[in-house]
Amino acid sequence: MEENKHPYTLINVIGGTNGVYEDHVEFLEKHFKLITMKEFTENKQDLSHKIKAIFMWFHKPVVDRDLLQSLPNLKVIANCGVGVDHLDLKLISSFGVKVANTPFAVSNPTADLGMALMLASARRIVEGHQIAVSPDTKCFMADWLGEEINGATLGIIGMGAIGYKVAQRARAFEMNILYHNRSRRNEADEQAVGAVYCAKLEDLLQRSDFVILSVNLSPQTQKLIGRKELELMKPTATLINISRGQVVDQDALVNALKNGVIKAAALDVTYPEPLPRDHALLHLKNVIITPHLGSATSKARYLMMKNMVESILAGVSGFPVPNEVHV
Ligand SMILES: O=C(O)[C@H](O)CO
């Protein structure tokens with residue numbers, strides 16, 4: 001592969017659970033001369049001036065001041081996924097480096113997962129599976145009653161791309177939809193999904209049977225849902241989190257779930273991930289937890305990688321970077 005045709009790109013070590021999938025490597029190698037973190041660490045002197053881009057797959061490699069200082073020709077960091085809360089955008093931009101994410105690749109699968117969690121909790125899918133496979137089970141179709149979501153009220157907190165996709169799906173399930181967002185959506189958007197804006201978060205919390213979190217993590221949304229907010233929810237309500245674990249005060253959530261303040265929680269994200277094995281959330285019957293599966297589909301992962309490649313190619317060639325995240 002000719003060096004002058006292909007930007008050198010620093011990636012996380014190939015393979016392993018946090019690595020770039022091995023079957024993606026062939027695709028990446030068509031566009032880049034890939035340098036793994038290991039190769040970089042072992043040959044810093046030779047490589048540091050050559051690397052122009054970072055392919056950041058699930059928060060790796062860690063981009064800190066030291067790494068930025070050792071890459072004087074770095075132009076662009078492509079992050080897989082939409083959330084960039086693990087990146088210090090101001091620091092990165094002070095080095096003249098651009099950041100891009102992949103919002104369009106993740107919005108459908110993450111919204112799907114939000115619906116899956118809501119339905120799984122409402123219809124007791126996880127308990128049902130355990131009953132169905134248990135050697136002691138003799139009786140099917142017994143008293144494992146759940147709730148129907150049609151006609152119920154869904155409160156969506158964070159009506160960005162993912163929140164809106166959730167609303168589209170919830171409409172098809174004939175739910176009543178409330179939403180709270182930094183800025184109100186235009187009338188056409190609201191009407192298309194039948195969503196009603198709640199300027200006050202309190203209002204949405206009091207009226208919803210299901211509350212779903214689809215906000216970005218920021219200083220404003222850290223512990224957005226704490227004791228006070230949980231107490232405003234109905235005792236029959238379920239909290240679903242597909243955003244970031246830190247958006248919820250987990251100690252307050254554990255208390256609320258233990259004491260019947262709310263009925264249940266369905267969480268794709270926690271803090272930390274994974275939770276320590278003795279964490280109370282892992283042992284409560286009214287909790288479902290999935291291991292951050294929001295964007296975990298083959299289609300999304302392929303699209304993420306494709307979008308990242310496009311952003312890197314544009315960034316290293318001095319063109320506007322698709323999906324650039326501005327500070
Ligand atoms: O930020 C995102 O898009 C997801 O959490 C990564 O899968």
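Any value given below was found using the heavy atoms of this structure, including those in side chains, with hydrogens, waters and symmetry copies removed. As the structure lists them, so they are numbered: ligands from 1, and atoms in each ligand from 1. Nothing here was measured: the structure is a model prediction, and the numbers come from that model.
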Apart from Ile125 itself, its cluster of hydrophobic side chains linked below 4.5 Å comprises none
With a distance cut-off below 6.0 Å to the six-membered ring centre and an angular limit of 45° from the axis, does Arg185 pair with Tyr164 as a cation-pi contact?
yes
In a check of side-chain hydrogen bond (donor to acceptor under 3.5 Å, both in side chains) between Arg244 and each of Thr270, Asp268, Asp85, which one passes?
Asp85
Partners passing ring-ring contact (aromatic ring centres under 6.0 Å, His included) against Phe27 (at least two apart in sequence or in another chain):
His31, Tyr302
Backbone N or O of Phe319 within a donor-acceptor pair of the Ser317 side chain at under 3.5 Å?
no
Near ligand 1 (heavy atom, under 4.0 angstrom), the protein residues are Phe58, Gly81, Val82, Gly83, Val106, Arg244, His292, Ser295
Cut-off 3.5 Å, no hydrogens considered: what does the side-chain donor-acceptor table look like for residues 279-289, sequence neighbours left out?
residue: His279; atom: ND1; partner: Leu281; partner atom: N; Å: 3.0
residue: His283; atom: NE2; partner: Arg277; partner atom: O; Å: 2.8
residue: Asn286; atom: ND2; partner: Leu257; partner atom: O; Å: 3.1
residue: Asn286; atom: ND2; partner: Lys263; partner atom: O; Å: 3.1

